[in-house]
S.K.: 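Pasting a structure below so you can have a look.
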Protein chains: 2
Amino acid sequence: MASIKDIAKKAGVSISTVSYALNGSSKVTDETCARILAIAKELNYVPNAAARSLKKKESKIIGAFLPDFSGGFYGDLLQGMKGTLIQKGYDLVVCSGPQSHRLLAEKLFDGALILDHTFSDEQLLNFAELGHRLVVLDRELNHPNINHVLLDNKAGASLAMEYLIDLGHRKIYVVTGPEGSYDSKQRIAAVRQTVERSSDVECIEIPGDFNRSGGERAGKQIAAEFAGPVAVFCLNDEMAIGMYDYISETDLEMGKDIHIIGFDNIELSEYIRPRLATIDYSKKKWGSLASEQLIKIIEGKPVENERIYVTLVKAESVKPV
Amino acid sequence: MASIKDIAKKAGVSISTVSYALNGSSKVTDETCARILAIAKELNYVPNAAARSLKKKESKIIGAFLPDFSGGFYGDLLQGMKGTLIQKGYDLVVCSGPQSHRLLAEKLFDGALILDHTFSDEQLLNFAELGHRLVVLDRELNHPNINHVLLDNKAGASLAMEYLIDLGHRKIYVVTGPEGSYDSKQRIAAVRQTVERSSDVECIEIPGDFNRSGGERAGKQIAAEFAGPVAVFCLNDEMAIGMYDYISETDLEMGKDIHIIGFDNIELSEYIRPRLATIDYSKKKWGSLASEQLIKIIEGKPVENERIYVTLVKAESVKPV
DNA sequence: CACCGGTGTCGAAACGATTCAAACAGAATG
DNA sequence: CATTCTGTTTGAATCGTTTCGACACCGGTG
């Protein structure tokens, strides 16, 4: 691979001149510049990322960290991030899993967007302390190098519960997320608040994991205890899908025996039948807002923590009692 | 951020000794080594990726290039890649879009897995010529630095067509992929071969784009020409979903007026109703096989081009005529 | 005691770029 | 003709690692 040195030799100029020419500095004559660029093209020259970021201490790359590469959930989010970042002159790469933490630590990126519970709060604060710029989407963290863009979980969960209650449901199962999840905690809190306000509602919490399998397990339990129509609020759509999967193999019927609402409005929710009621928000906007915040931090501009608003999606999976 | 130099100063040893200690070289005394490691921990030392890869000319990172971050299709594929690569001591990052080509060019990765039509064949051959190691999943390319792992498109397309024909369908629309797509070309070729073998089949090709919108357009055309039950082979599931979307707004019925089969068996296909008949293959295996090949190339071991086998998934979207 | 081999440590070069400050050439000025 | 200025080019240092070859030290050997 040709380096700047090869170009310099071939052009009979110094390395620094080549560098200036390549970077379009006005210092070098148009003629020299043209000659150097021609030679660069001829030699198939591409700058070496490692060398450049070693010297400049920036890579113009942003890392997005997700818990996994699965499914419809992250597509829009990433698209939102990508669009904004490209516009600001940055590239986006996506990483997943604890093994990839090193990529963050080793300063491969100019900043990172985090929606990944495999990072602990302490880890992230530690990274921030070492100078890494972060935007977190799944927790609240206060540090000058960290900003958070969060969903309005409480509004969403209240919306969902009120929807069920307004339609006359009085026995409501709530399938929760994993212990440590900030989103789950927030949603649970709002559920409890809403239930407290209406005296005659029976609310039963079932621990889940935000995955399909958790929804299946919960479905199993609900089916076993079944004694007449019930409502279920799955704290995310994935678990709702899991519950559909399980219930479809019993003689219970979704939208009739079991009235269900999810949270997230993932792509699948629109296609399953009966269509899943859920809480919607713009994943694309979430991604683009988070990216904007990150760039602001990197550029040293002031930032405010932002919030993403949510709306209720009514559908046939929930009917009046 | 602490560097190796800071550690050296604090430990009162030379830079090289620190480097050896950090890399677990046997040259340095256990005692010195322990002291250095303690100081490194204390200073929150993390090696600098840029510096290391500049010197070592390797990053232990593999890039996966996809056309977009969307949907259920890539999840399993990436999981397959990730699993294998981790095991071999490499990390995986995912890139998308033409802007990200530079990441490949700038030698950020030790190798790349390519399933992305935004790269031209010439570009890839050029990269290979410059020393980049590639495995392509969406084309055939012959170069010592490139390996390909391809689907058995022809078998799949034949399987699909024969399924329709065996069930008595004689008028078959085929919705194709974009012009340049290798997969589309292969599938079309097999379709034509199959049709030639059975004299009384009428086969009408409609250009598509492998996206949902292409399926919608094709659905519109088919609905407009509708004059009794027909079969449709969408060359991928995405387009089939698009066709469902369109047809659901007409008074035609999938699985009755329009019998449809797709290709890829994406996650959604299992959930739409009537369930979509399709061609299945293990995306996870595809990813892991491709990764294995890539590592072999990097390590200079001999490789053979491999093929992924496919199977037919029968479902209610296709009924006998 | 001179010599040798092995161990542990160090200095310096190198990787490929950027960038500061110095050097230089040539034109313009006094 | 000496001086200053402007504009272009250059040398050298630097970023944070790795790694080669040199070197000093030590115990053992002949």
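Fair warning: this is a prediction, and the values are worked out from it, not measured in the lab. Letters A, B, ... mirror the listed sequences (proteins, then strands); counts begin at 1.
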S.K.: For A:Val13, does its backbone N or O pair with a side-chain atom of A:Thr17 as donor and acceptor, under 3.5 Å?
M.R.: no

S.K.: To the nearest Å, how far apart are A:Arg35 CZ and D:dT9 C1'?
M.R.: 12 Å

S.K.: Using a 4.0 Å heavy-atom cut-off across all strands, classify A:Thr17 as base, sugar-phosphate, or nothing.
M.R.: base

S.K.: How would you label the contact of A:Ile15 with the nucleic acid (heavy atoms, under 4.0 Å): base, sugar-phosphate, or nothing?
M.R.: base

S.K.: Let's see if you can work this out: which of C:dT9, C:dC20, D:dG16 has an atom nearest to the side-chain heavy atoms of A:Tyr20?
M.R.: C:dC20

S.K.: Which listed nucleotide (D:dG16, C:dA17, D:dG11) is nearest to the side chain of B:Ser3?
M.R.: D:dG16

S.K.: Where each residue is assigned the nucleotide of DNA chain C containing its nearest heavy atom, which of A:Ala51 and B:Ser14 is assigned the position nearer the 5′ end?
M.R.: B:Ser14

S.K.: Name the closest nucleotide to the A:Ser19 side chain, picking from C:dT9, C:dT18, C:dA17.
M.R.: C:dT18

S.K.: After noting the C-alpha distance and the side-chain angles of B:Asp183 and B:Ser181, does the key distance pass the side chain to side chain donor-acceptor pair (under 3.5 Å) rule?
M.R.: CA-CA 5 Å; B:Asp183 288 326; B:Ser181 160; 5.0 Å; no

S.K.: Using whole Å, report how far CD1 of A:Ile4 lies from C1' of C:dT19.
M.R.: 11 Å

S.K.: Starting the side chain at C-beta, find the nucleotide from D:dC15, C:dC10, C:dG16 nearest to B:Leu54.
M.R.: C:dG16

S.K.: Send over the distance from A:Leu22 CG to C:dT18 P, rounded to a whole Å.
M.R.: 7 Å

S.K.: Would you indicate which nucleotide in C:dG11, C:dT18, C:dG16 comes nearest to any side-chain atom of B:Ser16?
M.R.: C:dG11

S.K.: Quick check: closest heavy atoms across A:Ser96 and A:Pro67, and the distance to 0.1 Å?
M.R.: OG-O, 3.2 Å

S.K.: Measure the distance from NZ on A:Lys5 to C1' on D:dA12 and round it to the nearest whole Å.
M.R.: 13 Å

S.K.: Rounded to whole Å, please give me the gap between OH in A:Tyr45 and C1' in C:dA17.
M.R.: 7 Å

S.K.: Over how many whole Å does the gap from A:Asn48 atom CG to D:dG16 atom P extend?
M.R.: 16 Å

S.K.: Where the side chain of B:Val13 is concerned, which of C:dC10, D:dT18, C:dT9 is the nearest nucleotide?
M.R.: C:dC10

S.K.: Would you please indicate yes or no on a ring centroid separation below 6.0 angstrom for A:Phe65 and A:Phe119?
M.R.: yes

S.K.: What contact category does B:Lys27 fall into here, base, sugar-phosphate, or nothing, at under 4.0 angstrom with non-hydrogen atoms?
M.R.: base

S.K.: Classify the nucleic acid contact of B:Val18 as base, sugar-phosphate or nothing, counting any heavy atom under 4.0 Å across all strands shown.
M.R.: nothing

S.K.: The side chain of B:Lys55 lies closest to which of these nucleotides: D:dT18, C:dG11, C:dA17?
M.R.: D:dT18

S.K.: What is the distance, rounded to the nearest whole Å, between atom CD1 of B:Ile36 and atom P of C:dC10?
M.R.: 8 Å

S.K.: Can you check the A:Glu58 CD to C:dA17 P distance for me, whole Å?
M.R.: 16 Å

S.K.: Would you please confirm or rule out a distance under 4.0 Å between OP1 or OP2 of D:dC15 and any side-chain N or O of A:Ser53?
M.R.: no

S.K.: Using the side-chain heavy atoms of A:Asn23, tell me which of these nucleotides is nearest: C:dT18, C:dG16, C:dT9.
M.R.: C:dT18

S.K.: Could A:Asp91 and B:Arg102 be called an ion pair, given the rule that one side-chain N must be under 4.0 Å from one carboxylate O?
M.R.: yes

S.K.: Please classify the nucleic acid contact of A:Thr32 as base, sugar-phosphate, or nothing, using heavy-atom distances under 4.0 Å.
M.R.: sugar-phosphate

S.K.: Please find the pair of heavy atoms, one from A:Met1 and one from B:Lys107, that lie closest to each other, and give the distance.
M.R.: SD-CD, 3.8 Å

